[in-house]
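Comments concern the structure below.
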Amino acid sequence: RRYALDLKDRDDVEITDKQKEKSIKDLARINEKYGEDIVLLDTSAQEIYDYQDRMLQMLVSFGVMSQDKYNTIKTENPNYIPFQRVLDEEYGETAGLQGLHVKAGTTFAGKKLGQVIKKIEGSDKAIVNPIESIIRNTMRITDIAYQNRVANQLVALKDIMPEYISTYKPNIGMAKDPKTGIKVPYLREVQPNDVITVLVKGKTKYYKVHPSLVAAITGLGWLLSRPASILRTGATIVPEFMARNFIRDVHGSYVLSEARPNVIDVVKGLTARIGKNDLYEKWRASGASFNSYMNMSDKGVQSAYAEIFKEEGKLKRYLKNPLNLPQDIGSVIEQSVRIGVYNAAKRKGMTDAESAMEARDASIDFARGGRASKEINKYVPFFNAGVQGSNKFIRAFRKNPKAMIMYASATVTIPQILITGYYLHLAPEEEKKEYLEIPEWQRDMFWVFKVGDTWARYPKPFTVGFIFGSSIERAMI
């Protein structure tokens, strides 16, 4: 209703008679249905308008949009909603995402500002569900804003490392916009592969960068990464892997995390993850859940909308794709440890942000990694996990070496000495022989002991288990 009033006095927006009639009928129907309670809709609408205004302000604060453009949009559209029209080519699946151009047809991220914030034009085409449009634009606006901030931070180094980054003057011409008749600048030629663009207060700046920096923001390819991806998926959906990984994560987080989560914390985390209670929602709201990727195609946005606002039976979802079941189980198990760490961190008085970082870094923060390790990880399964595990150990040791040694010795070294010492010096000769015949790689990754007539294996935490446990055993043998 407010949006329609905004457009009523606009000379640059043509509203058809058909649209007017439909709007009148819709407003009458809504008024009849809700009566005096329609004020609740008005309040909710205002919250949406305020939210979208904050999104526009983000573009200004991150240098993507100029203050003048923001003021113009707010003057013309006090209650701005990013209506997206079906069949709009600029919003198709192949529409380019912009921010930092690296070469023709390749971009760094985000949509062009003119594609994210569109000029309103009259049309009889169907309008996509506004909630879907808001979801889409929220992700894209956030993407272009943060990516542009990274780009600005990159080019800010040009005075420090001029051999890697320097300003560039492109060949720019002027042409008349067929819609507005106003002359606008355009590039006369395709930019070289080593030229990038950055938005500063809404203005485009060009910089020439070293090939190594270009390589840092482009991918190595898709096809060769498939085998490693398939192997990772096949390994991680096996129940035995899930159980072992859970035990390792619980033990590892107790030794490495300053939050020192206990068994009760992990049980609370598992309960919270399954029941999606208040603790789970706080953990998600803190940003600790890694939910950073979203498919921004029309189909992807509709799927996200359906997931948020519609309930699909679990059985139907699993019948559509049977792999969803083991993947969901694995996700619940893995996230329960992180929620437990978040709960322990909050109990120790850490802030939401500190607790989120502890939860993300509890075992392995899969979002961490340099360009090289992430690219290698595409082709070598679990490569980045191994690198980040070692990195986490080193960081924790440097931060508090005494605590690290104390907790690792108590929970890893002492059990290792007791088990190995028993089988080397106290066990019957036959058991000692059987123990020493167990492959070394198994004794490196597990505590191995005999239960009845069967040799059982209990997982050691990665890195900590080898340094404080397996290396001790090797020295004893």
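Here, residue 1 is the first one in the sequence, and each next residue gets the next number. FYI, side chains are in, hydrogens and waters are out, and symmetry mates aren't considered; it's all heavy atoms of this structure. Small disclaimer: the values here were computed from a predicted structure and weren't measured.
Counting heavy atoms from C-beta on, the side chains of W447 and Q416 come closer than 4.5 Å. Side-chain contact between F397 and V464: absent, with no pair of heavy atoms (C-beta onward) separated by less than 4.5 Å. Residues R360 and V341 fail the side-chain proximity criterion, which asks for heavy atoms closer than 4.5 Å. With contacts defined as side-chain heavy-atom distances shorter than 4.5 Å, the pair R284/K276 does not qualify. Looking at R443 and I477, their side chains come closer than 4.5 Å, going by heavy atoms from C-beta outward. Residues L56 and M65 have side chains in contact (heavy-atom distance under 4.5 Å, counting atoms from C-beta outward). At a threshold of 4.5 Å between non-hydrogen side-chain atoms, the residues D265 and R347 count as touching. Side-chain contact between Y342 and D352 is present, with at least one heavy-atom pair separated by less than 4.5 Å.
Remark: Y34 OH to R29 CZ distance equals 8.5 Å, nearest 0.5 Å. Interatomic distance, CG of N245 versus CG of D249, reported as 4.5 Å (0.5 Å rounding). How far CD1 of I333 is from CG of L270: 8.0 Å, rounded to the nearest 0.5 Å. Interatomic distance, I329 CD1 to M242 CE, rounded to the nearest 0.5 Å: 6.0 Å. The CZ atom of R395 sits 4.0 Å away from the CG atom of D361 when rounded to the nearest 0.5 Å. The line from CD1 of I394 to OG1 of T463 is 9.0 Å long, rounded to the nearest 0.5 Å.
Residues satisfying the side chain to side chain donor-acceptor pair (under 3.5 Å) test with E258, not counting sequence neighbours, are none. In this structure, the ring pair (Phe, Tyr, Trp, His ring centres under 6.0 Å) partners of F62, at least two apart in sequence or on a different chain, are Y146. Looking at residues two or more places apart in sequence or on another chain, you find no ring pair (Phe, Tyr, Trp, His ring centres under 6.0 Å) involving F462. Every residue two or more places apart in sequence or in another chain that forms a ring pair (Phe, Tyr, Trp, His ring centres under 6.0 Å) with Y407 is listed here: Y254. T411 meets the side chain to side chain donor-acceptor pair (under 3.5 Å) test with H251; sequence neighbours excluded. With sequence neighbours excluded, the residues that form a salt bridge (Lys or Arg N to Asp or Glu O under 4.0 Å) with R474 are E440, D444.
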Review point. Between L59 and Y70, does a side-chain contact (heavy atoms from CB on, under 4.5 Å) hold up when you go through it step by step?
Key: CA-CA 9 Å; L59 289 176; Y70 168 83; over 6 Å; no

Worked verdict on M404 versus V255 for side-chain contact (heavy atoms from CB on, under 4.5 Å):
CA-CA 6 Å; M404 159 77 77; V255 175; 4.0 Å; yes

Test side-chain contact (heavy atoms from CB on, under 4.5 Å) on N343 and W283 and set out the steps.
-> CA-CA 8 Å; N343 185 66; W283 169 73; over 6 Å; no

Walk me through it: do R273 and L279 pass the test side-chain contact (heavy atoms from CB on, under 4.5 Å)?
-> CA-CA 8 Å; R273 180 59 184 85; L279 174 59; over 6 Å; no

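At least one donor-acceptor pair closer than 3.5 Å links the side chain of T413 to the backbone N or O of F468. Put simply, the side chain of S336 never gets that close to the backbone of G269: no donor and acceptor are under 3.5 Å apart. The backbone N or O of Y280 lies less than 3.5 Å from a partner atom in the side chain of N277, making a donor-acceptor pair. In this structure, Y423 contributes its side chain and K450 its backbone to a donor-acceptor pair below 3.5 Å. Counting only distance, with no hydrogens or angles, the side chain of E354 and the backbone of T351 share a donor-acceptor pair below 3.5 Å.
Taking every heavy atom of both residues into account, M58 and S61 meet most closely at O-OG, 2.9 Å. For the residue pair P415 and S409, the shortest heavy atom distance occurs at CD-O, 4.4 Å. For the residue pair F446 and K460, the shortest heavy atom distance occurs at O-CE, 3.2 Å. Nearest approach of A259 to K348, heavy atoms of both residues: O-CE, 2.7 Å. V250 and V337 get closest at one heavy-atom pair: CG2-CG2, 3.9 Å. Closest non-hydrogen pair, R338 versus A359, comes out as NH1-O, 3.1 Å.
When the shell of 6.0 Å around NZ of K392 is examined, it contains more than 12 heavy atoms from other residues, nucleotides or ligands. Shown here is I405, whose CD1 atom has more than 12 heavy atoms of other residues, nucleotides or ligands within 6.0 Å. The environment of E437 atom CD is dense: over 12 non-hydrogen atoms of other residues, nucleotides or ligands sit within 6.0 angstrom. Counting non-hydrogen atoms of neighbouring residues, nucleotides and ligands closer than 6.0 angstrom, the NZ atom of K399 reaches no more than 12 such neighbours.
A salt bridge is defined here as a Lys NZ or Arg NE, NH1 or NH2 lying under 4.0 Å from an Asp or Glu carboxylate O, and D278 with K282 meets this definition.
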